[in-house]
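Notes for the one structure printed next.
Here is the naming used below: chain letters follow the sequence lines, and residue numbers restart at 1 for every chain.
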There are 2 protein chains.
Amino acid sequence: MGRKRTKSGKIRLAEVAELAGVSPITASRFFRNPEALSVAKRTRVESAANELGYVPNLAARALASQRTEVIGVLIPSLTNNVFSDVLRGIYDASEGSRYSIQLSNTRYSILQEEKLLRLFLAQKPAGLIVTGIDQTAESRAMLEAADCPIVQIMEIGPNPVDMMIGFSHYDAARAAIAHLFAQGHRKIGFVGARMDPRVQRRLDGYVSAMKDAALFEQRLVVTTATPTSVTLGGTLFTDLLAREPDIDAVFCANDDLALGVLFECRRREIAVPEQIAIVGFNDLEFMASAVPTLTSVRTNRYEMGNTAATMLIEAIDGRRPEQPVLDLGFKVIERQSSSSRRSDDRPAASGAGAANKMIALPSGQD
Amino acid sequence: MGRKRTKSGKIRLAEVAELAGVSPITASRFFRNPEALSVAKRTRVESAANELGYVPNLAARALASQRTEVIGVLIPSLTNNVFSDVLRGIYDASEGSRYSIQLSNTRYSILQEEKLLRLFLAQKPAGLIVTGIDQTAESRAMLEAADCPIVQIMEIGPNPVDMMIGFSHYDAARAAIAHLFAQGHRKIGFVGARMDPRVQRRLDGYVSAMKDAALFEQRLVVTTATPTSVTLGGTLFTDLLAREPDIDAVFCANDDLALGVLFECRRREIAVPEQIAIVGFNDLEFMASAVPTLTSVRTNRYEMGNTAATMLIEAIDGRRPEQPVLDLGFKVIERQSSSSRRSDDRPAASGAGAANKMIALPSGQD
DNA sequence: GTCGTTGCTGGTAGCGCTGTCAACGTTCCT
DNA sequence: AGGAACGTTGACAGCGCTACCAGCAACGAC
């Protein structure tokens with residue numbers, strides 16, 4: 001006998017078509033391009049599909065159409081708060097669309113990234129989101145040869161592969177240092193961990209700002225390749241103090257480190273900001289709640305992920321954005337930890353960070 | 001002409017087979033069950049595949065074999081640190097296996113979970129990881145009808161659908177309260193946010209422990225459905241203090257809240273632990289670094305995700321675990337914030353949490 | 001009335017892989 | 001030596017869907 005009904009009783013497109021009294025191909029069209037159908041058939045297919053509870057077989061669709069409805073996402077860390085915000089933005093944007101997210105963790109290794117990219121590309125994804133601009137030459141070549149839209153996220157730079165959304169970490173760091181200068185600080189240390197390309201560019205921004213003011217000294221910089229943590233912030237700060245006991249401010253490459261520095265100051269009974277000012281990076285939620293509240297550079301992480309995925313889906317559907325490179329900028333959120341004129345009224349008992357003074361800057365101008 | 005080579009120049013299994021001098025089906029077997037091949041053919045196919053850079057077409061494989069190599073993961077949050085650790089464990093375990101992870105965010109909604117479950121199941125996943133034990137009746141029925149292995153994670157309870165891995169949040173909370181009792185605390189407040197089922201069970205554990213000691217009062221409990229944050233910890237603690245100014249300890253349903261409480265104490269110049277002790281939950285990294293270091297209940301999140309995925313893959317491959325329900329337990333990590341006999345030597349300047357006293361308990365005994 | 005043009009529909013032929021089963025050669029047993 | 005048992009291999013026929021192109025009706029232009 002032919003294939004009247006599959007053994008598992010699964011509803012196929014053919015069953016839907018039969019019930020609707022149309023050919024399978026017409027039923028197929030209903031799901032891909034309903035406008036191409038006459039209104040009569042459209043409603044017939046729709047009700048037939050609902051009645052039977054039809055669910056399309058994605059594997060068959062992918063095989064027949066030679067493309068998948070998968071968006072590949074390559075990020076360097078699953079643990080880092082920064083990426084969980086970006087991810088949430090991506091997932092939120094993908095919801096409701098017909099695309100699904102395939103996530104992979106490069107663990108900050110561009111070799112691993114290259115390997116994963118090769119895997120992804122082999123499955124002909126509908127689109128790709130990759131982190132940063134520091135791919136291997138091989139990865140770069142694969143990306144350029146890929147026949148799907150691609151968004152690079154987290155930072156902006158020259159020569160986008162396709163689309164790009166992020167901000168200038170260099171400018172953001174310079175803005176943070178400029179803020180510290182404005183508060184009268186001069187001997188400003190830098191504390192950084194992991195030292196991935198983006199942290200490196202924050203360091204570059206710090207160095208250039210310090211050099212501009214003729215204040216740079218290599219001894220002010222303490223970094224490590226170790227992954228970041230709050231505890232590490234304390235450790236690195238301890239190293240920094242041992243080298244340069246008379247610093248008057250610390251710029252931390254991220255907020256975890258900043259929190260660690262704050263705790264270490266407390267442990268050592270160093271007054272913040274009176275003796276040492278602290279500035280973090282990313283503006284995680286807790287920064288506004290710490291005592292003293294901690295200055296940080298706010299980055300639009302959720303928006304970055306969300307916009308990247310939205311742009312990508314638009315591009316996949318043939319509507320390329322007018323503006324392929326998007327600078328989401330940053331804001332220096334000035335709080336107590338770096339305020340020279342500390343408010344004389346005691347901090348309110350709750351509702352920390354009552355009135356954050358903001359220094360907003362689109363990257364590219366500082 | 002036949003199909004000598006596909007237009008895109010893609011390498012198909014047929015090409016590999018041709019180069020290796022075997023039939024396509026033999027080449028296919030090489031990738032699925034190499035042991036079934038003679039050593040000679042095995043090496044021939046292997047080198048042919050390498051030479052051509054063959055990458056299998058997953059869609060075709062899924063269509064022909066009627067099953068996918070996708071593991072569906074349903075978690076309630078992408079942002080919560082707790083889940084990022086679990087996720088990392090899952091992704092790490094999936095790497096190297098031939099299964100890929102398909103992640104979806106239920107946003108703490110069991111209705112959303114039901115919807116996503118329906119979507120997943122329609123694609124015949126190889127396995128499923130779901131969070132918790134509080135599915136809708138409909139979800140439960142779907143899970144039980146699913147013909148793939150399933151692991152419930154994050155907690156353990158009666159009637160597993162299939163496999164289960166987690167710990168007793170109820171027992172963990174009781175252990176935390178027992179610890180506070182042992183330190184001489186009596187008037188212990190509870191602060192909780194989001195109040196998802198697991199937080200609710202921590203509250204239940206707290207209530208039962210307090211009732212056992214005839215110390216329970218409803219006024220000691222402050223909760224909200226709002227998602228958790230450090231700032232919220234301060235707010236809820238403020239509410240608690242307003243109601244019960246003479247509490248001597250706070251048990252926080254998670255570490256973010258605990259940090260918020262700590263900051264609020266600092267703002268109010270309440271000495272921790274002398275005036276008020278603080279205990280958190282999950283033992284995130286920063287707890288050991290805070291000043292004072294913060295007591296917490298350590299949970300094995302990475303291990304939970306990692307073991308769940310490992311067990312699942314084993315089960316998919318036909319090797320069901322001898323023990324389908326796994327209790328990963330917890331440990332009360334006693335630190336300064338709840339220590340009645342505070343160490344008289346000043347805390348070391350760095351390396352916080354030098355010697356954490358641990359109270360380890362497999363859940364189920366307290 | 002005839003001829004294009006447009007809009008909608010259907011037939012045919014796979015997409016690349018694997019399940020099933022038959023067939024082959026080899027080894028081992030009696 | 002004969003036969004069973006095993007290990008290995010290949011032919012065939014789809015999996016459920018869609019690309020491609022042909023066909024057909026309806027309509028307007030001349």
Side-chain angles (χ1 to χ4, degrees), chain A residues 1-45 48-49 52-69 98 122-124 126, chain B residues 1-45 48-49 52-69 98 122-124 126:
Chain A
M1 63 179 105
R3 24 196 276 223
K4 218 44 211 254
R5 195 146 297 161
T6 188
K7 58 246 166 202
S8 64
K10 268 283 160 216
I11 307 301
R12 302 195 313 276
L13 195 51
E15 271 83 54
V16 176
E18 192 183 1
L19 179 61
V22 300
S23 72
I25 189 66
T26 300
S28 166
R29 261 190 283 264
F30 168 76
F31 292 100
R32 289 174 295 144
N33 183 18
E35 276 70 40
L37 263 62
S38 65
V39 181
K41 305 233 162 174
R42 200 185 308 172
T43 50
R44 291 238 300 282
V45 175
L52 295 172
Y54 171 71
V55 181
N57 181 321
L58 263 36
R61 182 179 284 178
L63 181 60
S65 67
Q66 294 286 69
R67 55 199 168 70
T68 60
E69 289 175 341
R98 66 175 184 289
Q123 298 310 321
K124 302 193 192 114
Chain B
M1 61 182 110
R3 20 196 282 223
K4 221 37 211 257
R5 196 146 297 158
T6 186
K7 57 247 168 204
S8 63
K10 268 287 160 210
I11 306 301
R12 301 196 313 277
L13 195 51
E15 271 82 53
V16 176
E18 192 180 3
L19 179 60
V22 299
S23 72
I25 189 67
T26 300
S28 166
R29 261 190 283 265
F30 168 76
F31 292 100
R32 290 175 293 146
N33 184 19
E35 276 72 39
L37 263 63
S38 64
V39 182
K41 306 233 163 174
R42 201 185 305 172
T43 50
R44 291 239 299 281
V45 175
L52 296 171
Y54 171 71
V55 182
N57 181 320
L58 264 38
R61 184 179 282 179
L63 180 59
S65 67
Q66 294 284 68
R67 57 200 166 70
T68 61
E69 290 177 340
R98 65 176 184 289
Q123 298 310 319
K124 300 193 195 119

B:Ala60 or B:Glu35, whichever maps to the more 5' nucleotide of DNA chain D: B:Glu35
For B:Lys124 and D:dG16, what is the distance between atoms NZ and C1' respectively, to the nearest whole Å? 10 Å
Rounded to whole Å, CG of A:Asn57 lies from C1' of D:dG16 at a distance of 6 Å
Counting heavy atoms not belonging to A:Arg67, are there more than 12 under 6.0 Å from its CZ? no
Side-chain N,O (A:Gln66) to OP1/OP2 (C:dG14) below 4.0 Å: no
For a quick test of reading the model: is some side-chain N or O of A:Arg67 closer than 4.0 Å to OP1 or OP2 of D:dA19? yes
Looking only at C:dG16, D:dC17, D:dG10, the nucleotide nearest the B:Val22 side chain is D:dG10
Do the side-chain N or O atoms of A:Ser38 get closer than 4.0 angstrom to the phosphate oxygens (OP1, OP2) of C:dT9? yes
Just how far, in rounded Å, is P of D:dT8 from CZ of B:Arg32? 16 Å
Of B:Arg32, B:Lys124, B:Arg61, which is the lone residue that meets salt bridge (charged side-chain N to carboxylate O under 4.0 Å, His left out) with B:Glu69? B:Arg61
Distance (rounded to the nearest 0.5 Å) between B:Asn57 CG and B:Ile11 CD1: 13.0 Å
A:Asn33 CG to D:dC20 C1', in whole Å, measures 16 Å
Derivation and outcome, side chain to side chain contact (heavy atoms under 4.5 Å, CB included), residues B:Phe31 and B:Leu13: CA-CA 10 Å; B:Phe31 292 100; B:Leu13 195 51; 3.7 Å; yes
Are OP1 or OP2 of C:dT18 and a side-chain N or O of B:Ser65 less than 4.0 angstrom apart? no
Quick one: B:Glu15 CD to C:dG16 C1', roughly how many Å, whole number? 10 Å
Contacts of A:Lys41 and B:Tyr54 projected onto DNA chain C by closest heavy atom; the upstream (5') one is A:Lys41
A:Leu63 atom CG is separated from D:dC17 atom C1', nearest whole Å, by 8 Å
How close do B:Ala122 and A:Val55 get, heavy atom to heavy atom, and via which atoms? CB-CG1, 3.3 Å
B:Gln123 has an atom CD; how far is it from atom P of D:dG16, in whole Å? 12 Å
For DNA chain D, what residues of residues 24-31 of chain B have any heavy atom nearer than 4.0 Å? B:Ile25, B:Thr26, B:Arg29
Please find the pair of heavy atoms, one from B:Ala27 and one from B:Val22, that lie closest to each other, and give the distance. N-CG2, 4.2 Å
Between the main-chain N or O of B:Pro56 and the side-chain N or O of A:Gln123, is there a donor-acceptor pair closer than 3.5 Å? yes
Would you mind reading off the distance between B:Arg42 atom CZ and D:dG7 atom P, rounded to a whole angstrom? 14 Å
